[in-house]
Amino acid sequence: MNKRLVFSWANTFMLAALIYIGFATFEGMSFYSGGSFTLSLWATAFVCLAVFIVFFVAQQLKGGALNFGKWIWVERFLVFPVAPFFLLLAMAPVSHYLNIQRQGPQIVNQFACAVDTAKAMFVEYEAYTDQRLRHYDHRLRQRPALDRQNRLRALQLQLRSANYDSLRTSALRWIEASIAEPSTHDVFLLGNIDEIKQAIGSWNGQLAQMASRRMSDEDELVAAFDVPSVSAGEACQLLDGLSRLYRSASPGQLASADAVITMLWLWLLLMLPYLFQKRHSKSDQTLTGSKRVAENRFLFYW
């Protein structure tokens, strides 16, 4: 057969493998870079283009009609050292993507736990204000009942004003919207983690500002509302742990079972067009040596 294969079902499988590599590379690089989509797009484009060129050119060289003795060395160079190198290069972000998906349930649970802890910040603030009111009530025990009631009401309005109700309502609504159906397939989840951390710090600061209001005759030793509060600190620690998990990558990921199996499948799919490509009938060269020698020794050759 002296015609090159232009397109076949083998090329379809190769295209499917490239699509998977592109998808997993983009997700893996997005996780590793902390959500840098520009870097992820450039890395994905480079990896997919390099892998495509190496395997496609190897197929075309196998079906070439000129300079068999010269181009066979280029073909062998592409198939043996170059193709495995670029596949391993592609597997670095792909294995990181697989590692994140393997830990998906743990990540989602930790994310939900962090958000629930952040909600407790408002419960913590309300407990703080209740304690302030009790202490102030005790300090006013010698005052007339009506004056005492008015002063307590004034402090309560300062600590839990309409602004507090508005802040609490909007914060809880924003949190619920940001955690709707979290998934490790969603590259925006990492961005949500950073946004929630910033929002927690902002809410905590606003609560501390509300708590700083004091009555003129209130005890000077009244404790301030902590920044960060216990709940806010715990939530941020959990979210920081998730960020480190997303960004952590190690060479050991390449040796995991799912990464090795995925790499072997990708290698097979990418090599299919090359394996099914027929050589020119005049060519005596094969990937491993001379066709005549291989036939004499009853060896299989490509």
Side-chain angles (χ1 to χ4, degrees), residues 34-35 107-184 186-244 246:
I107 292 174
V108 171
N109 289 337
Q110 188 169 338
F111 181 71
C113 181
V115 171
D116 287 337
T117 305
K119 292 179 184 177
M121 175 173 52
F122 295 97
V123 178
E124 188 178 347
Y125 177 77
E126 291 173 5
Y128 165 82
T129 58
D130 289 341
Q131 186 180 27
R132 281 269 302 270
L133 289 168
R134 285 195 300 270
H135 287 173
Y136 190 48
D137 184 36
H138 181 72
R139 188 177 180 82
L140 298 174
R141 65 186 181 279
Q142 302 298 332
R143 288 184 175 272
L146 182 59
D147 182 51
R148 180 180 179 181
Q149 182 179 355
N150 289 337
R151 288 176 179 275
L152 283 172
R153 180 61 178 165
L155 179 58
Q156 184 178 24
L157 289 175
Q158 288 185 31
L159 297 177
R160 294 193 195 176
S161 63
N163 290 336
Y164 168 74
D165 293 333
S166 176
L167 174 65
R168 181 179 183 277
T169 302
S170 62
L172 294 180
R173 185 183 298 119
W174 187 87
I175 288 175
E176 292 296 337
S178 66
I179 63 171
E181 299 182 0
S183 170
T184 50
D186 183 8
V187 293
F188 295 104
L189 180 62
L190 186 58
N192 286 346
I193 290 174
D194 294 334
E195 286 185 9
I196 291 176
K197 281 177 56 182
Q198 295 176 5
I200 289 173
S202 175
W203 299 330
N204 200 170
Q206 293 180 61
L207 292 177
Q209 186 177 13
M210 293 178 188
S212 66
R213 300 164 184 166
R214 298 171 183 269
M215 298 295 289
S216 59
D217 56 347
E218 200 174 357
D219 190 345
E220 295 180 358
L221 300 179
V222 169
F225 186 69
D226 293 333
V227 179
S229 65
V230 175
S231 300
E234 291 178 355
C236 288
Q237 285 180 2
L238 289 170
L239 293 173
D240 285 337
L242 283 180
S243 295
R244 287 192 297 270
Y246 267 109

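Positions are given from 1 along the sequence.
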Show your working on salt bridge (charged side-chain N to carboxylate O under 4.0 Å, His left out) between D130 and R134 and close with a plain yes or no. CA-CA 6 Å; D130 289 341; R134 285 195 300 270; 5.2 Å; no
If you measure from the Lys or Arg side-chain nitrogens to the Asp or Glu carboxylate oxygens, is any gap between E176 and K119 under 4.0 Å? yes
Salt bridge present between D240 and R244 (N-O < 4.0 angstrom):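 No, no charged N to carboxylate O under 4.0 Å.
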Side chains of I175 and I196: closer than 4.5 Å at any heavy-atom pair? no
On a heavy-atom basis, which atom in [X] and which in [Y] lie closest, and how many Å separate them?
{"X": "M121", "Y": "W203", "value": "CE-CB, 3.8 Å"}
{"X": "T117", "Y": "A235", "value": "CG2-N, 3.8 Å"}
{"X": "D217", "Y": "R139", "value": "O-NE, 2.7 Å"}
{"X": "Q206", "Y": "L167", "value": "OE1-CD1, 3.7 Å"}
{"X": "Y125", "Y": "Y164", "value": "CD2-CE1, 3.4 Å"}
{"X": "L239", "Y": "I193", "value": "O-CG2, 3.7 Å"}

Between [atom1] on residue [X] and [atom2] on residue [Y], distance to nearest 0.5 Å:
{"X": "M215", "Y": "L159", "atom1": "CE", "atom2": "CG", "value": "10.0 Å"}
{"X": "L207", "Y": "N163", "atom1": "CG", "atom2": "CG", "value": "11.5 Å"}
{"X": "R148", "Y": "D137", "atom1": "CZ", "atom2": "CG", "value": "4.0 Å"}

Under 3.5 Å donor-acceptor, S166 side chain and A162 backbone: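 Flag not set: sc S166 to bb A162 has no pair under 3.5 Å.
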Does the S202 side chain pair with the main chain of A199, one donor and one acceptor, at a distance under 3.5 Å?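 No; zero donor-acceptor contacts below 3.5 Å.
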Side chains of E124 and S231, donor plus acceptor under 3.5 Å: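 There is such a pair (donor and acceptor under 3.5 Å, judged by atom type) between the side chains of E124 and S231.
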With Y128, the side chain to side chain donor-acceptor pair (under 3.5 Å) member among Q131, R132, E126: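 Passing option: R132.
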